[in-house]
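Encoded as structure tokens, the structure appears first; notes follow it.
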Amino acid sequence: MTDKTRVRFAPSPTGHLHIGGARTALFNWLYARHLDGTFILRIEDTDRSRSTEEFIAAIIEGMKWLGLDWDEGPFRQTDRFDIYRRYAERLIREGKAYYCYCTAEELEARRKEAMEQGKSPKYDGRCRHLKEPPGGRSGAVRFMMPQSGHTVVDDLIRGKVVFENSQLDDLIILRSDSTPTYNLTVVVDDVDMKITHIVRGDDHLNNTPKQIQLYQAFGYEVPEFAHLPMILGSDKTRLSKRHGATSVLAYREMGYLPEALLNYLVRLGWSHGDQEIFTRDELIRHFSFDSVGKAAAVFNPEKLLWLNSQYMMNTSPDVLAEMVMPFLIGEEIVSEGEQIDREWLARAIDTLKERSKTLVDLAKSLRYYISIDVKYDQKAKDKFLNEKTLPYLGDLRHRLDTLNEFSHAALEQLFRSVTETHGIKLGALAQPVRVAVTGGAESPGIFDVLEVLGKEKTLKKLDNAMRMIETSQGSTR
RNA sequence: GUCCCCAUCGUCUAGCCCGGCCUAGGACAUCGCCCUUUCAAGGCGGUAACGCGGGUUCGAAUCCCGCUGGGGACGCCA
């Protein structure tokens with residue numbers, strides 16, 4: 001029996017699930033699914049002052065929205081403090097860790113001084129061989145790092161990375177309040193949860209030799225590592241709020257499809273030839289660390305938007321009809337609890353989906369199909385709804401009245417006959433009608449719009465537009 | 001400052017490991033044209049990159065060294 005691949009995503013709940021975290025989660029998930037392994041979700045909430053329940057909930061919601069399902073967990077490190085303490089005590093007992101009584105302030109001051117003198121801000125190890133604990137202080141526990149030789153990180157993406165042990169710090173594994181710190185908890189958990197591959201951001205590469213030393217001190221086998229390149233903002237610095245939305249759920253609110261976000265994220269650092277668009281199954285089938293790049297990538301919202309529009313186009317109108325509902329309510333186009341004929345909505349969406357980049361765009365365009373009242377665009381109104389176009393509109397409205405089959409073909413035929421009568425081009429009639437029913441100068445094909453709208457709504461909108469022209473004429477003259 | 005990582009169009013990337021097929025391919029964005037009742041979508045085409053300097057070699061985007069540039073880490077954060 002071969003050991004099953006086990007990977008984990010281990011966010012700390014000090015913020016929302018962000019773009020970078022989501023990409024890390026995605027690569028872990030993909031790797032697990034590709035190898036039919038196990039994907040574990042673990043919440044690293046040992047920093048109690050900054051971790052919140054809200055963020056835990058938000059991270060879980062983000063994961064669910066993206067469809068990154070986990071097989072075990074979510075585990076919480078705060079539930080496991082006893083385990084970490086036991087491991088730390090074992091290290092002390094074996095002489096591999098010791099109490100340090102320096103205060104945080106002293107440490108901070110020494111670090112600062114070292115930096116100013118251009119020296120490495122490394123802990124000097126002064127408490128290593130302390131015989132008598134100074135009174136009145138509770139100590140933190142430090143792991144005794146070897147100070148000679150070197151530690152090699154054999155990374156699936158970067159290859160072999162060598163660190164001199166002399167530059168490794170005696171890191172704190174237990175705070176003076178006896179709560180464990182990150183470097184201890186990751187190692188203990190990864191051992192305990194039998195993690196075979198640690199897939200995480202590049203920013204952890206420097207922590208890796210320290211953790212390897214910890215594995216070795218415990219006598220455990222070191223897992224495989226894969227350090228993913230960072231995602232940067234447009235100015236090539238670490239992606240942050242000032243670069244725009246970074247929270248995954250913010251993209252949900254902006255009307256992005258989870259599949260599109262995932263597809264965008266996967267191509268940040270990973271590729272499969274020239275292919276840009278992948279189904280989930282294709283991703284799972286093709287994913288490999290061999291095709292993950294080493295260089296950091298700049299997050300490009302425009303390409304994400306393009307991908308989203310591609311996904312919108314390729315999603316069936318029925319599915320979009322369900323997905324757009326919250327946005328219709330959000331835009332106050334439909335009120336909560338109001339019933340909307342889904343079949344009709346799907347037909348309306350079918351005309352709109354290839355010109356909507358997001359679900360928000362789609363919802364906004366749907367407004368003119370759903371409500372009778374039209375919000376006229378001022379420029380379009382001035383240009384197309386005036387005394388010059390009024391006769392065409394009037395004639396059309398009159399003939400529309402007698403049309404009993406409100407279909408694309410019948411409408412087209414009728415429009416043609418109106419334009420012939422007046423000796424005008426189709427655009428000269430279509431544009432005024434477009435503005436009358438949609439309020440703007442841009443929309444799907446006019447026959448499609450009217451067909452979806454139906455006779456009743458069309459006539460009402462036409463009447464309203466004509467009345468508006470007449471009254472504004474009266475008021476300005 | 002010290003350590004670590006990285007380096008192909010503005011951006012994401014293919015090619016690099018196993019030198020010649022590279023006059024460097026694709027995608028986003030951008031520009032132009034076509035289609036057209038408007039706007040999209042779509043089609044066609046254009047602009048645009050191997051950071052620099054040394055090697056190695058008949059031959060280097062591809063291998064080696066240096067430089068430069070960028071990023072990350074250096075917490076009783078994770």
Side-chain angles (χ1 to χ4, degrees), chain A residues 10-14 44-47 49-51 77 100 102-104 107-108 111 114-123 139-142 153 155 158-159 161-164 167-169 171-183 185-186 201-209 227 229-230 232 234 236-238 264 267-277 290-291 293-307 309-310 313 352-357 365 380 384 412 415 419 425-431 433-435 438 440-447:
Chain A
S12 83
T14 53
E44 309 220 320
D45 55 350
T46 52
D47 183 356
S49 61
R50 293 197 302 153
S51 303
Q77 293 190 321
C100 169
C102 303
T103 65
L107 258 14
E108 178 59 34
R111 248 195 312 274
M115 286 281 236
E116 275 162 8
Q117 290 176 11
K119 287 190 236 159
S120 170
K122 203 181 118 175
Y123 175 66
V141 176
R142 283 187 188 268
V153 179
D155 192 275
R158 317 226 152 221
V161 183
V162 181
F163 293 85
E164 293 300 321
Q167 77 208 19
L168 264 30
D169 226 332
L171 51 90
I172 289 176
I173 53 176
L174 239 45
R175 300 184 184 97
S176 45
D177 65 0
S178 84
T179 58
T181 63
Y182 167 73
N183 280 297
T185 59
V186 249
D202 222 355
D203 47 343
H204 284 289
L205 188 56
N206 290 289
N207 284 324
T208 309
H227 286 95
M230 302 266 84
L232 272 24
S234 50
K236 302 216 174 199
T237 63
R238 217 191 157 107
Y264 177 71
R267 287 285 288 99
L268 243 35
W270 177 85
S271 61
H272 182 70
D274 286 337
Q275 193 170 346
E276 296 284 350
I277 297 176
D290 292 345
S291 7
K294 299 175 182 183
V298 174
F299 182 77
N300 182 351
E302 277 168 350
K303 188 156 184 180
L304 168 59
L305 190 61
W306 171 78
L307 256 177
S309 69
Q310 293 294 309
M313 279 186 249
L352 248 22
K353 63 174 192 165
E354 72 182 23
R355 55 203 96 211
S356 305
K357 291 189 185 296
S365 301
F384 295 112
E412 178 160 12
F415 268 63
T419 55
K425 287 186 179 169
L426 183 54
L429 178 62
Q431 281 305 82
V433 174
R434 194 184 314 275
V435 180
T438 71
E442 297 125 40
S443 85
I446 193 65
F447 310 127

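Computed from a predicted structure; not experimentally measured. The sequence lines fix the lettering, A, B, ..., with proteins before strands; numbering per chain opens at 1.
Here the side chain of A:Leu232 is nearest to one of B:U38, B:G71, B:C77, namely B:G71. Counting only heavy atoms from C-beta on, A:Asp203 has its side chain closest to B:A73 among B:U11, B:A73, B:A40. Of the candidate nucleotides B:U13, B:A78, B:G26, B:G26 has the atom lying nearest to any side-chain atom of A:Lys303. Picking from B:C6, B:C76, B:A78 the nucleotide with the shortest atom distance to the side chain of A:Ala295 gives B:C6.
Side-chain atoms of A:Asp45 and base atoms of B:A78 include no donor and acceptor less than 3.5 Å apart. One donor-acceptor pair, N or O on each side, does fall under 3.5 Å between the base of B:G26 and the side chain of A:Glu276. Side-chain N/O atoms of A:Asp202 and base N/O atoms of B:G72 include no donor-acceptor pair closer than 3.5 Å.
A:Arg111 has no carboxylate O lying under 4.0 Å from a charged side-chain N of A:Glu116, or vice versa, which leaves the two without a salt bridge. Salt-bridge formation is not detected for the pair A:Asp202/A:Lys294: no Lys NZ or Arg NE/NH1/NH2 atom is positioned less than 4.0 Å from an Asp or Glu carboxylate oxygen.
Relative ring orientation between A:His204 and A:Tyr182 is described as tilted, the plane-to-plane angle lying within the 30° to 60° band.
One finds no side-chain N or O of A:Gln310 lying less than 4.0 angstrom from the OP1 or OP2 phosphate oxygen of B:A40. Considering only side-chain N and O atoms, A:Thr237 lies nowhere under 4.0 angstrom from the phosphate OP1 or OP2 of B:G71. Contact annotation: A:Arg142 side-chain N/O to B:G75 OP1/OP2 distance is not under 4.0 Å. Here A:Arg238 reaches the OP1 or OP2 of B:A73: one of its side-chain N or O atoms lies under 4.0 Å away. A:Arg50 has no side-chain polar atom (N or O) that falls below the 4.0 Å cut-off from OP1 or OP2 of B:G75.
One can place CG of A:Asp169 at 15 Å from C1' of B:C77, the figure rounded to the nearest angstrom. Nucleotide B:G72 holds its P atom 16 Å from the NE2 atom of A:His227, rounded to whole Å.
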